[in-house]
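Quick caveat: nothing in here was measured; it's all calculated off a predicted structure.
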There are 2 protein chains.
Amino acid sequence: MNTLEKCVRILTLFSKTKPTATVSYITKQLGLPSSTIYRYIAMLKRSGLIEQTDQAGMYCLGTKILELAHNVPKKSVQETSLPIMAQLSGKAGETVTLTGLREHDGICLEKVDGHHAFRVSFERGTTFPLHAGASGKVLLAHLDPQKQDQIIKELKYDKFSETTITEPKQLKAEIATISKQGFALSNGEMIHGTYGIAAPIFSLSRNVIAALSISAPNHRLEEKQRKQMVQLIVAAANKITDELALYET
Amino acid sequence: MNTLEKCVRILTLFSKTKPTATVSYITKQLGLPSSTIYRYIAMLKRSGLIEQTDQAGMYCLGTKILELAHNVPKKSVQETSLPIMAQLSGKAGETVTLTGLREHDGICLEKVDGHHAFRVSFERGTTFPLHAGASGKVLLAHLDPQKQDQIIKELKYDKFSETTITEPKQLKAEIATISKQGFALSNGEMIHGTYGIAAPIFSLSRNVIAALSISAPNHRLEEKQRKQMVQLIVAAANKITDELALYET
DNA sequence: GGTCTTATTCTCACATTCTGGGAATGCAAT
DNA sequence: ATTGCATTCCCAGAATGTGAGAATAAGACC
């Protein structure tokens with residue numbers, strides 16, 4: 001394990017739910033001696049990647065990361081998708097999210113909020129596992145079989161709610177269906193009380209590169225609206241796929 | 001120069017204006033042999049901090065950085081400031097920005113856009129040098145004298161426009177005035193055609209921790225409006241300072 | 001004030017990793 | 001065929017990283 005890897009591990013320990021950490025916490029998590037961690041913290045602090053909180057001994061991610069994040073280029077998917085997402089969100093009134101794939105996780109690349117005060121909203125940069133929620137499942141369903149199998153094996157199957165799929169077998173069956181029908185549904189698999197519909201976006205070479213999804217409190221996505229929404233989201237995703245194909249030559 | 005520092009240097013090479021780079025470019029910029037850079041690129045790619053573009057040999061910052069950025073905690077300044085910024089932006093109709101200090105640069109921490117279609121707008125995470133623009137100058141003006149002198153010496157004095165201050169002496173005089181009057185003005189120092197007004201936000205120990213600023217096309221901030229705006233922005237900044245003091249005990 | 005606990009820095013002999021010139025491969029354009 | 005560039009590999013010497021433990025600092029608790 002080299003320096004960079006250790007640094008990234010330290011940085012990845014911080015999360016929305018645990019935004020600050022002490023050296024002793026990091027020590028325990030990584031199983032490395034505290035003198036080593038102190039050295040790393042000092043290095044990371046020098047480069048601005050982490051900062052010290054007001055409270056002594058507390059550290060958090062630093063603003064240097066914001067600076068870097070500002071320079072992460074938007075991929076063509078994002079640029080192509082945004083106007084279509086805005087249009088869809090306007091028509092449907094609900095939050096529309098574009099989700100990409102990173103290693104074995106999904107990550108929210110873009111979102112356009114719906115106009116309802118009571119709404120579901122992910123932030124850009126939010127990551128989540130692929131076994132729960134419409135976006136995750138639709139991404140998984142259209143991956144090539146090897147990667148799919150590998151991910152299905154390695155998933156941790158955290159149970160977020162009553163409906164979360166926690167069995168590999170069940171997940172396999174589900175994504176087989178999704179792959180056939182071309183869209184995924186999620187009834188509160190990740191967030192209880194919400195409903196999600198997602199459709200895949202493909203590259204010219206027919207690899208999934210992202211998922212387009214719509215999320216809402218589940219009473220606003222019941223049977224009758226749902227059918228129409230599925231059509232809308234699939235149509236929008238296809239439109240993005242088509243537009244991308246034009247540019248990729 | 002250790003591994004992390006080299007990694008950060010590589011990552012920092014990418015910018016909004018140069019979002020992608022080849023190995024040979026990085027090699028030239030850092031003056032390190034290409035075999036070394038290839039090794040680093042491989043490491044950085046493995047950790048998700050950089051990604052390969054569609055074009056062979058092109059690299060860009062990776063989505064792992066977005067994930068990390070998502071977990072950078074908002075400081076209390078940000079949380080305290082946002083509602084006040086929104087109120088101010090609503091009243092003034094212009095873009096209001098909260099700027100922090102990072103090393104020798106300013107960095108945009110939060111912004112609330114004004115309602116005018118023709119407006120100035122920084123994105124969160126944008127960095128800029130301290131010699132140009134109202135925010136930079138106001139931050140610089142209220143730093144302790146040692147840091148101030150050091151930064152004044154080390155600044156590169158890029159000339160962004162006709163009015164950019166490029167002389168240390170001139171800058172010193174300017175920040176002396178700013179320090180006395182408690183706010184800074186900028187007539188297109190960073191972006192030609194725009195006008196900026198900024199006021200400092202202090203910690204309980206009376207150190208500057210951020211600057212609140214308003215920016216607009218300069219015809220909308222002429223003499224008459226300007227006086228009123230200065231009052232508004234100074235009042236808002238003071239309000240934030242006061243609210244922060246309540247929490248800091 | 002005394003006594004913990006915990007944060008933080010430092011040291012140093014030792015181990016590991018990093019380094020970079022150069023050679024080699026592959027690919028695409030000239 | 002040739003050039004140019006991307007990329008990988010090799011390896012001995014050089015530079016860094018490592019971590020136990022000592023030492024110091026700074027609160028917290030009694």
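Checked by atom type, the side-chain pair Thr22(B)/Ser24(B) shows a donor-acceptor distance below 3.5 Å. For the residue pair Thr97(A) and Thr99(A), no side-chain donor N or O sits within less than 3.5 Å of a side-chain acceptor on the partner. For the residue pair Ser161(A)/Thr164(A), the side-chain donor-acceptor check at 3.5 Å is satisfied.
Using a 4.0 Å heavy-atom criterion, one finds that Gln52(A) contacts the sugar-phosphate atoms exclusively.
Atoms CE (Met58(A)) and C1' (dG27(D)) sit 15 Å apart, rounded to a whole Å. A straight line from CG of Leu4(B) to P of dC18(C) spans 13 Å, rounded to a whole angstrom. Put simply, CD on Glu5(B) is 21 Å from P on dT17(C), counting in whole angstrom units.
Ring-plane geometry between Phe160(B) and His131(B) is classed as parallel, the angle between the planes falling under 30 degrees on a 0 to 90 degree scale with a further cut at 60.
Closest of all the heavy-atom pairs between Val96(B) and Met85(B) is O-CE, 3.5 Å.
Within residues 17-45 of chain B, the residues having any heavy atom under 4.0 Å from DNA chain C are, by residue number, Pro33(B), Ser35(B), Thr36(B), Arg39(B), Tyr40(B).
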- Check step by step if side chain to side chain donor-acceptor pair (under 3.5 Å) holds for Thr126(A) and Lys111(A). CA-CA 11 Å; Thr126(A) 311; Lys111(A) 65 118 193 231; over 6 Å; no
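Put simply, the side chain of Thr241(A) gets close to the backbone of Phe202(A): a donor and an acceptor are under 3.5 Å apart.
Salt bridge Lys45(B)/Glu51(B): absent, no basic N to carboxylate O contact under 4.0 Å.
Listed pair Asn2(A) / dG17(D) fails the phosphate criterion, with no side-chain N or O lying under 4.0 Å from OP1 or OP2.
Each end of the helix from dG1(C)-dC30(D) to dT30(C)-dA1(D) yields a helix axis from five base pairs, and these two axes differ in direction by 50° (to the nearest 10 degrees).
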